[in-house]
Amino acid sequence: MDGVRRASPVAVVILDLFLPGALSNPLNGSHRHWSVRARWAKTWRTKAHLLVGAARGARGFDPATPKIIRFVANLWNLMDEDGLRASLKPTLDGLRDAGVIHSDGPNSGHLFVYGQRIDRAQRGVRILVESR
């Protein structure tokens, strides 16, 4: 090295959205019928698809370009890590449906970051999509 510090690339926010609604942990409550869970998942997936698709508008970008996808869930009570990921899976699928990402697999090149906080006044999910 020549002793000069190089600045690391700065992530650029592509989308910053909030999806209102109460999340629930689909891994808890095995007493619920499969159709109730399926309806809940479809609602979140569709909500994410429609809102992200509308916000994306003419800002077309390549779904295969690696991105950082940050989810921050505003919850009534905090969840454990696997429950948080399971509750956000339909929202992630909605991003794929809207063409923001091409895949959510481990070799997709995308980085998924999950966070949560208690906010009983405004429950929902904040989604930040950043360049990687």
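Quick caveat, the model's predicted, so the values are computed rather than measured. Numbering starts at 1 and runs along the sequence shown.
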query = Is it the case that one hydrophobic cluster holds both L23 and Y114, taking links as side-chain heavy atoms less than 4.5 Å apart, direct or via other members?
reply = yes
ask   = Would you say the side-chain atoms of K47 pair up with the backbone N or O of P20, donor to acceptor, closer than 3.5 Å?
value = yes
query = Between the main-chain N or O of R132 and the side-chain N or O of H110, is there a donor-acceptor pair closer than 3.5 Å?
reply = no
query = Where the side chain of Q116 meets the backbone of L75, is there a donor-acceptor pair that is under 3.5 Å apart?
reply = no
remark   = In this structure, CZ of R85 is separated from CG of D80 (nearest 0.5 Å) by 11.5 Å
Exercise: identify the closest heavy-atom pair between G94 and A48 = CA-CB, 4.0 Å
note = Across all chains, not counting sequence neighbours, the salt bridge (Lys or Arg N to Asp or Glu O under 4.0 Å) partners of D104 are K89, R96
key: R120 vs N77, side-chain contact (heavy atoms from CB on, under 4.5 Å): CA-CA, chis, key distance, verdict   = CA-CA 8 Å; R120 295 178 176 161; N77 291 317; 3.0 Å; yes
ask   = How many angstroms lie between CD1 in I69 and CD in E130, if you round to the nearest 0.5 Å?
value = 8.5 Å
task = Give a yes or no on whether the backbone of Q122 and the side-chain of N74 come within a donor-acceptor separation of less than 3.5 Å.
result = yes
ask   = Would you find a donor on one side and an acceptor on the other, under 3.5 Å apart, between the side chain of R70 and the backbone of G115?
value = no
inquiry  = In this structure, would F112 and L19 fall into the same cluster of hydrophobic residues linked by side-chain contacts under 4.5 Å?
reply    = yes
ask   = Side chains of I127 and F71: closer than 4.5 Å at any heavy-atom pair?
value = yes
query = Any link between V72 and L15 through a network of hydrophobic side chains (Ile, Leu, Val, Met, Phe, Trp, Tyr) touching at under 4.5 Å?
reply = no
task = Of all the heavy-atom pairs spanning G99 and P63, show the shortest one and how long it is.
result = O-CG, 3.1 Å
remark   = Between M79 and S24, the two heavy atoms sitting closest are CE-C, 3.9 Å
inquiry  = According to a hydrophobic-cluster definition based on side-chain heavy atoms being under 4.5 Å apart (Ile, Leu, Val, Met, Phe, Trp, Tyr only), do L92 and W40 belong together?
reply    = yes
key: Reported CG-to-CG distance for the pair L78 and L84, which is rounded to 0.5 angstrom   = 9.0 Å
request  = Can you sort out the partners of R45 under salt bridge (Lys or Arg N to Asp or Glu O under 4.0 Å), two or more places apart, ordered by chain and number?
outcome  = D93, D97
Shortest non-hydrogen contact from V52 toward A98 = CG1-CB, 3.9 Å
key: Heavy-atom check, side chain of I101 versus side chain of V129, under 4.5 Å   = no
key: Backbone N/O of S108 and side chain of S103: donor-acceptor pair under 3.5 Å   = no
task = Can you see which heavy atom on P90 is nearest to which on W44, and at what distance?
result = CB-CB, 3.9 Å
task = Examine distances only and state if a side-chain atom of K67 and a backbone atom of V100 form a donor-acceptor pair shorter than 3.5 Å.
result = yes
query = I14, L17: one ILVMFWY side-chain cluster at the under-4.5 Å cut-off?
reply = yes
